[in-house]
Each structure stands twice: as C-alpha cells, then as structure tokens.
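So the structure is just underneath, and the comments pick up after that.
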2 protein chains.
Amino acid sequence: MKLSTKGRYGVMACYDLACHHGDSPVPLKAIARRQGISPGYLEQLIGHLRRAGIVRSVRGPQGGYVLARSPDEITVGDIIRVLEGPIAPVECVSQDPGDFRHCGRTEGCVTRPVWEKLRDSMVRVLDSITLKDLLDEGGRE
Amino acid sequence: MKLSTKGRYGVMACYDLACHHGDSPVPLKAIARRQGISPGYLEQLIGHLRRAGIVRSVRGPQGGYVLARSPDEITVGDIIRVLEGPIAPVECVSQDPGDFRHCGRTEGCVTRPVWEKLRDSMVRVLDSITLKDLLDEGGRE
DNA sequence: TATAATTCCTAGCGGTTAACTAGGCATCAT
DNA sequence: ATGATGCCTAGTTAACCGCTAGGAATTATA
C-alpha cells in the first residue's frame with residue numbers, strides 16, 4: 001500500500017517548479033539537485049508529466065521546464081494519476097475504464113464497498129491539495 | 001497505489017470465517033474454494049493471520065480455522081496491517097517505528113503533510129469497518 | 001557558424017517482490 | 001492405523017522499480 005518514488009518525485013519536482021512559477025524555465029538538473037533525485041530518472045518522469053500537459057518544456061540553452069498551469073490549478077492527485085496510474089486500491093474499483101478489471105468473483109462481492117470507500121477517501125484528499133497549498137505551507141513553516 | 005492480493009485475499013478469507021462464526025472450524029480448502037483463492041497461497045497468508053492472533057487453528061481431521069475474536073472486534077485495517085504492513089503511503093509517515101524511515105531530505109519536507117493526511121484518511125476508513133459490517137452488508141444486498 | 005546547454009527517446013540492468021507451486025512433517029478424530 | 005487436516009520452507013516465474021547509458025534533436029549564445 002505504498003506509493004512508488006515516481007509519485008513522490010513527481011510531486012517534489014512540481015513543487016520545485018511551483019516555487020519558480022513566473023520565472024524563466026527551470027533546467028531539469030537544477031530540480032534534480034535541489035530535490036535529491038537522479039537526473040536521468042527524473043527525466044523519464046517529467047516526460048510523462050509533459051505529455052500529460054502538466055508541465056511544458058523549453059529546449060536549448062536557457063531551456064528547462066515550467067508548469068503548464070498555475071499552481072492553484074494543479075492538484076497532487078493530478079500528478080499522482082499521471083505517474084502512478086488511477087487512484088484505486090484494487091483494480092475492480094478503478095474509475096479509469098482502461099485500468100478497471102472485473103475481479104470475476106461471485107456477484108455482489110462483499111468487499112468491494114470497502115475498496116470504494118477507501119478509494120473515495122484517497123481521491124478526496126489528493127484532489128483537494130494543490131501546489132499552491134504546498135507553497136503556502138512551505139512559506140509558513 | 002494498489003493493494004496486493006494478500007490484503008484482498010486476507011479480508012475475503014476473514015469474511016468467510018465471519019460467515020461461519022460460532023460454527024465448527026472451517027478447513028482451509030473450503031475457504032479457498034468458496035473465495036476462489038489458491039489453497040497453497042492462502043495457507044501462507046492465513047499463517048500470518050494466525051501468528052498475529054486474528055484467527056485460531058484446530059489441527060487434525062475436522063480441524064480448520066476460526067476467528068480468534070468476534071467479527072465486530074476485527075477491522076479490515078487489522079487484517080491489512082498484518083498482510084500488507086503498516087498503512088502508510090510512504091515510509092516517512094509510517095506509524096510503525098520498524099517501518100518508518102526518514103527520507104533524509106531537507107528538513108521541513110513540504111510534501112510530508114500531504115502523505116500524513118492521506119495516511120490518516122486511509123486509516124480512518126479501514127479501521128472503521130469491521131467484519132460484522134461486511135456481514136450485515138452481505139445480508140442486505 | 002560552432003559550441004555547448006539543454007530536452008528527448010529508448011534500451012538495458014540488477015534487485016526486489018508477488019503470486020504461486022511443491023513437497024514434506026506434525027497433529028489428531030475416527 | 002489412516003487419512004484429513006494444519007504447519008513450514010524452499011523454489012519459480014514474471015513483473016516492476018529505480019536507475020544508468022548513450023545518443024539524437026533543438027537552440028541561445030560567443
């Protein structure tokens with residue numbers, strides 16, 4: 001029941017970009033250094049975020065990455081979904097049709113409501129926290 | 001962010017035992033057959049549940065397993081913790097000292113509060129649902 | 001125009017875990 | 001004494017995680 005580093009690194013990287021929102025593009029190396037992430041690995045992760053429209057890239061010298069939307073329009077859930085897949089403790093309660101898989105057990109599976117409640121509570125938390133919230137918090141503490 | 005089959009199978013097996021609570025011991029094979037779980041694999045899982053004091057075993061013919069406590073005293077969280085480990089999306093917010101691991105990043109890690117909120121909401125859901133709740137629900141639906 | 005800083009892409013790799021299977025031993029009602 | 005059951009450990013296959021490697025494309029700047 002653990003997140004992989006993908007999700008964590010992704011959130012950290014996006015937080016880093018949020019800190020520099022409005023500035024010139026942030027090179028990947030700088031993010032990797034500040035957040036303590038292997039640059040090569042982060043490159044793969046940020047590629048997903050780019051293709052998902054969460055960050056934008058600028059190539060060439062002085063290039064780097066910027067958030068594609070403002071920090072208050074990007075939730076932690078958005079990032080997690082890109083890097084970890086649908087937020088669902090088991091496939092049979094996935095809200096993404098591509099990920100959903102019927103467990104094939106007796107109809108009226110008794111345990112499914114448990115996983116649905118768990119999923120809902122996870123989604124509620126992750127979709128309620130924006131990068132802006134993290135910025136504000138970082139400033140206060 | 002998925003549960004493994006361990007947790008799911010464990011809850012299903014315990015639900016099966018709850019259905020027969022008060023009766024004579026339920027042989028592992030019967031549980032495995034009804035729940036569609038590989039008997040050999042379930043044997044390993046139920047071994048953990050036994051050592052954790054959630055189920056009791058009776059050896060010999062007519063033997064099998066029974067719940068060690070009544071269904072309203074066993075939560076889904078109890079079962080998950082035995083089979084999946086501490087309920088924590090990342091190790092640095094694990095409430096189990098053995099599992100906890102400091103991420104070693106800059107102090108005042110900005111993302112930790114996110115994982116703490118997520119953990120709390122997961123724990124709240126899983127610890128609030130007992131096997132009795134599943135029984136009642138199975139009866140109604 | 002040449003250089004170098006950057007992003008982009010894909011392949012591979014070593015380690016770990018998941019989900020079993022296999023096989024043998026211990027217990028004990030009948 | 002038998003056979004049904006639980007108990008234990010060691011394998012096995014496949015997938016995935018967290019990287020590393022190496023090169024191609026882009027482009028600001030000297």
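Each chain gets a letter, A, B and so on, in the order its sequence line appears, and its residues count up from 1.
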Quick one: [X] [atom1] to [N] [atom2], roughly how many Å, whole number?
X: R50(B); N: dT5(D); atom1: CZ; atom2: P; answer: 18 Å
X: L42(B); N: dA19(C); atom1: CG; atom2: P; answer: 13 Å
X: K2(A); N: dG18(D); atom1: NZ; atom2: C1'; answer: 17 Å
X: K29(B); N: dG3(D); atom1: NZ; atom2: C1'; answer: 11 Å
X: I37(A); N: dT20(D); atom1: CD1; atom2: C1'; answer: 16 Å
X: M1(B); N: dC17(D); atom1: CE; atom2: P; answer: 13 Å
X: Y65(A); N: dT26(D); atom1: OH; atom2: P; answer: 15 Å
X: L49(B); N: dG6(D); atom1: CG; atom2: P; answer: 14 Å

May I ask you to evaluate whether [X] reaches the phosphate of [N], defined as a side-chain N or O under 4.0 Å from OP1 or OP2?
X: S57(A); N: dC8(C); value: yes
X: S4(A); N: dC16(D); value: no
X: T5(A); N: dG18(D); value: yes
X: Y9(B); N: dA19(C); value: no
X: R51(A); N: dC9(C); value: yes

task = Measure across Y15(B) and L131(B) and return the closest heavy-atom pair with its distance rounded to 0.1 Å.
result = N-CD2, 4.1 Å

Kindly point out which of [options] is positioned nearest to the side chain of [X]?
X: Y41(B); options: dT10(C), dC8(D), dA19(C); result: dA19(C)
X: L28(A); options: dG6(D), dC20(C), dT7(C); result: dT7(C)
X: Q44(A); options: dT20(D), dA4(C), dG6(D); result: dT20(D)

inquiry  = With nearest nucleotide decided by heavy atoms, which residue, R59(B) or G40(B), maps closer to the 5′ end of DNA chain C?
reply    = G40(B)

What is the nucleic acid contact for [X], judged by heavy atoms within less than 4.0 Å: base, sugar-phosphate only, or nothing?
X: G64(B); answer: sugar-phosphate
X: K6(B); answer: sugar-phosphate
X: I46(A); answer: nothing

ask   = With a 3.5 Å cut-off and just heavy-atom distances, do the side chain of E43(B) and the base of dC8(D) make a donor-acceptor pair?
value = yes

query = In this structure, are over 12 heavy atoms from other groups packed under 6.0 Å from R69(B) atom CZ?
reply = yes

request  = Could you tell me whether K132(B) atom NZ has more than 12 heavy atoms of other residues or ligands within 6.0 Å of it?
outcome  = no

request  = Could you tell me whether the side chains of D72(A) and S70(A) share a donor-acceptor contact shorter than 3.5 Å?
outcome  = yes

query = In terms of side-chain heavy atoms, does E84(A) have a donor or acceptor partner in S4(A) at a distance below 3.5 Å?
reply = yes

task = Take M1(A) and I80(B) through the side chain to side chain contact (heavy atoms under 4.5 Å, CB included) test and state the conclusion after the steps.
result = CA-CA 9 Å; M1(A) 216 38 195; I80(B) 297 287; 5.6 Å; no

